[in-house]
**Student:** 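Below is one structure. I have some questions about it.
Within every chain, numbering begins at 1; the chains are lettered A, B, ... in the order of the sequence lines, protein sequences first and strands thereafter.
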2 protein chains.
Amino acid sequence: MSASRSTTRLRLLDSSAELFRRNGYTGTGVKQITVEAKAPFGSLYHFFPGGKQQLAAEVVRTEGARYARTFALVQVEDVAAGIRAWFAGAAAVLSASGFADACPIATLALEVASTDEALREVTAEVFTSWIDQAEARFVEAGIDTPRARALAMSAIASLEGAFILARTLRDTAPIINAGEIVADAVEQALLY
Amino acid sequence: MSASRSTTRLRLLDSSAELFRRNGYTGTGVKQITVEAKAPFGSLYHFFPGGKQQLAAEVVRTEGARYARTFALVQVEDVAAGIRAWFAGAAAVLSASGFADACPIATLALEVASTDEALREVTAEVFTSWIDQAEARFVEAGIDTPRARALAMSAIASLEGAFILARTLRDTAPIINAGEIVADAVEQALLY
DNA sequence: GTCTCGCTAGAGCGATCTATCAAGAAGGAG
DNA sequence: CTCCTTCTTGATAGATCGCTCTAGCGAGAC
């Protein structure tokens, strides 16, 4: 009932999140999702009448918000050190998952960018919120707004690109390296 | 014959490259490729007995090499200016293609990273060659090797990440911004 | 001519894709 | 109890997936 309702729904979301992140959107079948979630096939269309697309949209939103919350770990005092630590943490997670768990939405975002306008907009909202949040944190640390925005955009871009390289090369070096470069740039900006 | 042989083969490669770049690997069907290439379906398996995977591997290699050649436009004298110009060019191409043509292999690379070891290795070779080439150029410009390597890795990562953001947000700002930040970092490194 | 061979051409295979549908199980409300 | 809603369950549809296979075309070799 209301209890099992939420569990099944949540299991479907969790399994979808994992499969989309690892195998992509078109690379994941709805049947595969229900098997992984140990949910009856029909339940997927009960909870998500919009089908795979609606499921993906909810996954992108919830995983995007969840990921944004981890950014809060970057403390305002000594932002640069916080950035290095955060990137090191992301590298550890990636390595521990066999180079599977990087960005929760990147693969899907690239897949739908030119093929599914509705999903593209959802991914855009998530990336924008991440950039906004990073910008706010840089401003808080004392960097003027235009420079903070440029740094924030660059930080997210560096992270995403480092994830691509790390997953492809099966090496966390690109992530650690990106953390260094981003932290250096922030330290540089703090001098003015 | 030998003439038509090569044209059909090349048309298949060209169409595959475009479709993989825009719609991804799993998002592109072999039938779709032959239609786009105006090639008979059977010809695909005549020229590429290994099927979709072999076709993708050749596409990644050839497009990777072709893209690497465009890096040569970054002149050694005033590397930073060359980088800004190169990123601006990439932004123009992306915009002109309706935000479809960014990195020729990024979407595919993310899709296969955890699902197809053979293709993953091919994408890894391409990314590595790009990093090596950028590093060589930075060394040539007078940056010491370890720093040049770090900068090169960061430059490629920034580019890839900026492409994700630009395609998703339908805005070239992330690319221009990434060019600025990378160029700044290179200028900074040249001071030592 | 006739033979050979590279290539064209597309029907068709089994599997898988997303999605629909109808039937039933499990409680809460009256 | 009956009624009603919520959720489970899986069979099934219809399309598409990657791929195989056979038949035939057409130009050069002889």
Side-chain angles (χ1 to χ4, degrees), chain A residues 1-20 22-60 107-108 111-112 115-120 122, chain B residues 1-20 22-60 107-108 111-112 115-120 122:
Chain A
M1 289 304 305
S2 43
S4 68
R5 173 191 197 277
S6 39
T7 11
T8 302
R9 207 185 128 90
L10 286 179
R11 280 206 316 278
L12 284 168
L13 282 172
D14 279 352
S15 297
S16 300
E18 183 177 321
L19 289 167
F20 288 158
R22 300 184 175 197
N23 307 337
Y25 179 63
T26 52
T28 301
V30 287
K31 204 143 215 160
Q32 190 182 2
I33 293 171
T34 59
V35 169
E36 173 96 359
K38 295 191 206 308
F41 182 76
S43 293
L44 190 150
Y45 286 91
H46 172 73
F47 291 113
F48 306 93
K52 193 184 184 185
Q53 193 190 38
Q54 182 192 346
L55 184 53
E58 289 204 28
V59 163
V60 168
T107 311
L108 188 147
E111 285 182 280
V112 303
T115 58
D116 190 317
E117 182 60 15
L119 283 179
R120 194 220 104 226
V122 178
Chain B
M1 317 313 92
S2 40
S4 67
R5 175 190 195 278
S6 40
T7 11
T8 302
R9 207 185 129 90
L10 286 179
R11 280 204 316 279
L12 284 169
L13 283 172
D14 280 351
S15 297
S16 300
E18 184 177 321
L19 289 167
F20 288 156
R22 300 185 175 197
N23 307 337
Y25 180 63
T26 53
T28 300
V30 288
K31 207 143 213 160
Q32 189 183 2
I33 292 172
T34 59
V35 170
E36 173 96 0
K38 296 191 205 306
F41 183 77
S43 293
L44 191 150
Y45 286 89
H46 171 74
F47 291 114
F48 305 94
K52 193 184 184 185
Q53 193 190 37
Q54 182 192 346
L55 185 52
E58 290 205 26
V59 163
V60 168
T107 312
L108 188 147
E111 286 181 279
V112 304
T115 58
D116 189 317
E117 182 60 15
L119 282 179
R120 195 220 103 226
V122 179

**Student:** Under 4.0 Å, counting only non-hydrogen atoms across every strand here, what does A:G42 touch: a base, just sugar-phosphate, or nothing?
**Tutor:** base
**Student:** Of the candidate nucleotides D:dC19, D:dT8, C:dG6, which contains the atom at the shortest distance from the side chain of B:H46?
**Tutor:**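 Among D:dC19, D:dT8, C:dG6, the one nearest the side chain of B:H46 is C:dG6.
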**Student:** May I ask you to establish whether B:K52 and B:Y45 are in a cation-pi arrangement, using a distance under 6.0 Å from NZ or CZ to the six-membered ring centre and at most 45° from the ring axis?
**Tutor:** no
**Student:** Examine D:dT9: is either OP1 or OP2 under 4.0 Å from a nitrogen or oxygen in the side chain of A:S43? Give yes or no.
**Tutor:**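 So the side-chain polar atoms of A:S43 never come under 4.0 Å of the phosphate oxygens OP1 or OP2 of D:dT9.
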**Student:** Can you tell me the distance, in whole Å, between the OH atom of A:Y25 and the P atom of C:dT18?
**Tutor:**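 Answer to the nearest Å: 8 Å.
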**Student:** Roughly how many Å is it from CZ in B:F47 to P in D:dC19, rounded to a whole number?
**Tutor:**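 B:F47 atom CZ is separated from D:dC19 atom P by 17 Å.
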**Student:** Can you tell me the distance, in whole Å, between the NZ atom of B:K31 and the C1' atom of C:dG10?
**Tutor:**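 To the nearest whole Å, that distance equals 8 Å.
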**Student:** Could you tell me the separation between the CD1 atom of A:I33 and the P atom of C:dT18, rounded to a whole number of Å?
**Tutor:**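 Nearest whole value for this atom pair: 7 Å.
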**Student:** Enumerate the salt bridge (charged side-chain N to carboxylate O under 4.0 Å, His left out) contacts for residues 22-47 of chain A, please, sequence neighbours excluded, ordered by first and then second residue.
**Tutor:**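 Qualifying pairs: A:E18-A:R22, A:R22-A:D101.
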**Student:** When you get a sec, tell me which of D:dT9, C:dC7, C:dG10 is the closest nucleotide to the side chain of B:F41?
**Tutor:** C:dG10
**Student:** Hey, does the side chain of B:T8 come within less than 4.0 Å of C:dC7's phosphate (OP1/OP2), counting only N and O?
**Tutor:** no
**Student:** Nearest-Å distance, CZ (B:F48) to C1' (C:dC7)?
**Tutor:**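 In whole Å, C:dC7 C1' and B:F48 CZ are 14 Å from each other.
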**Student:** Please work out if A:T28 contacts a base, only the sugar-phosphate, or nothing of the nucleic acid, heavy-atom cut-off 4.0 Å.
**Tutor:** sugar-phosphate
**Student:** Measuring to OP1 and OP2 of D:dC19, would you say a side-chain N or O of B:Y45 lies under 4.0 angstrom away?
**Tutor:**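 Affirmative; the distance criterion is met.
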**Student:** Could you tell me the separation between the CZ atom of B:R11 and the P atom of C:dT8, rounded to a whole number of Å?
**Tutor:** 8 Å
**Student:** Could you tell me how far apart A:L44 (CG) and D:dT9 (P) are, to the nearest whole angstrom?
**Tutor:** 14 Å
